[in-house]
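Taking it in order: structure first as structure tokens, then the write-up.
Every value quoted in this text rests on a predicted model; they were computed, and no experiment measured them.
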Amino acid sequence: MAATRIDCDIHPAVGGTRTTLLPYLSDHWKEQVVSRAIDGLDLNSYPPSMPLSGRADWRPADGSKPGSDLAMVQRGAFDQLGASHAICNVVYGAQAVFDSYMAADFCRAINDWIAAEWLAKDTRLRASIVVPIQAPDLAVEEIERRAGDNRFVSVLVPSQGETLLGRRHYWPIYQAAEKYKLPIAIHAGSAYRGAPSSIGWPSYRYEYYLAEAQAFQAQALSLIYEGVFGKYPGLTVVLMESGVSWLPAFMWRANKTWRGVRVEVPWVEREPAAIIRDHFRVTMQPFDAPLDATSVADIIDQIGSDKMFLFASDYPHWQFDGDDPIPPHLPKSLVQRMCEDNPIETFPRLKLNS
């Protein structure tokens, strides 16, 4: 086990709006939450009762949400799975509500709650800033408000929102993120503004989860071809819970198509695969490669960069059994990089001794 093992994706759960976030909301939204009985803004992407949302041994005995108890998370992420530090990514419905002012106040409350009730109680924890992506100006305000706290190391957005993330109205968010050395963490999940599949609504949750890879591919292409990295060359994007094995074929096809239609996007001066290797990172749970060592080695080689991989357990989501969150058959040198070197390079604000 590496002396330093930085888990880049764990999920503290909001127990409930009224039971957890009420003290951190503004007076207006406190009144609205109580009078309108607002509670349970859980994303349909991660319904609490679904097995994927919480492994059986990581579910509290009292029936509360997996990830809602700090002590249980500490035992799971640190003692059982061996992390030395962990980044908290709160996946909750604040980024899905239609009222942008409500979204902004809930995001603010989530960030204040995670700072006071989690980060302040365990110096091994860091967090992503949850922002109201549906209102970029308010998202920038929240980044600015939290930027002075180096325990916040990235900006969290869902993989499926209202529009593709490369569109220019999102650029002020990237400007602020680059300014404060905050990677954009795109996490699996949907605001349900459109169908999870590019050609309609699936019948089963199983279909939706596999279709997430399409969303990550679409977001990567949008960010590249809209010119985000030409405008903000210091920006890094982390794909969280995206899977890994789709990357080689995606990169090959992106390069081939770029060569044929690059006249449409003359500002993209390099092959998309090179931009991906420089600006994108992926968390390593779920690891969706075949189980044999040869196939794993081939995928790692085809991706072509040992800097892209970040250790993650995705606790308490059920991505693997047992106590070892390291995917099988990875080279030891890569394990070292993805557990320590890559996270430190990817998250510049990640100061392990503070």
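At a threshold of 4.5 Å between non-hydrogen side-chain atoms, the residues Lys179 and Ile143 do not count as touching. The shortest distance between side-chain heavy atoms of Asp341 and Gln336 falls below 4.5 Å. Between Val228 and His279, every side-chain heavy-atom pair lies at or beyond the 4.5 Å cut-off.
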Q: Run the numbers on Ser128 and His187 for side-chain hydrogen bond (donor to acceptor under 3.5 Å, both in side chains), then give the verdict.
A: CA-CA 11 Å; Ser128 294; His187 196 282; over 6 Å; no

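Residues Lys307 and Asp278 are not paired through a salt bridge, judged by the lack of any N-O separation under 4.0 Å between the basic side chain and the carboxylate. Contact check on Arg145 versus Glu141 returns no salt bridge, with no Lys/Arg side-chain nitrogen under 4.0 Å from an Asp/Glu carboxylate oxygen.
In this structure, CD1 on Ile110 lies 9.5 Å from CD on Glu142, to the nearest 0.5 angstrom. Taken to the nearest 0.5 Å, the SG atom of Cys339 stands 8.5 Å off from the CD1 atom of Ile6. Taken to the nearest 0.5 Å, the CD1 atom of Ile87 stands 9.0 Å off from the OG1 atom of Thr346. Once rounded to the nearest 0.5 Å, the distance linking NE2 of His329 with CG of Leu291 reads 6.5 Å.
Between Phe229 and Phe280, the distance from one ring center to the other falls under 6.0 angstrom.
Side-chain atoms of Asp9 and His317 include no donor-acceptor pair closer than 3.5 Å. Donor-acceptor pairing under 3.5 Å is recorded for the side chains of Glu144 and Tyr180. Defined by atom type and a distance below 3.5 Å, a donor-acceptor pair is present between the side-chain atoms of Tyr208 and Glu212. No side-chain donor from either of Glu226 and Tyr170 sits under 3.5 Å from a side-chain acceptor of the other.
Side-chain heavy-atom separations under 4.5 angstrom define the hydrophobic clusters, and Phe98 shares its cluster with no other residue.
Applying the 6.0 Å contact sphere to NZ of Lys181 captures no more than 12 heavy atoms from other residues, nucleotides or ligands. Atom CZ of Arg193 has more than 12 neighbouring heavy atoms from other residues, nucleotides or ligands inside a 6.0 Å radius.
Figure legend: cation-pi geometry between Arg5 and Phe311, with NZ or CZ positioned under 6.0 Å from the six-membered ring centre and within 45° of its axis. Judged by the 6.0 Å and 45° rule, Arg126 forms no cation-pi pair with Phe347.
Partner of Ile114 under the side chain to side chain contact (heavy atoms under 4.5 Å, CB included) criterion, out of Asn89, Val130, Val90: Val90 alone.
Between Trp171 and Tyr232, the ring planes are perpendicular. Angles over 60° get that label, and only those under 30° would be called parallel.
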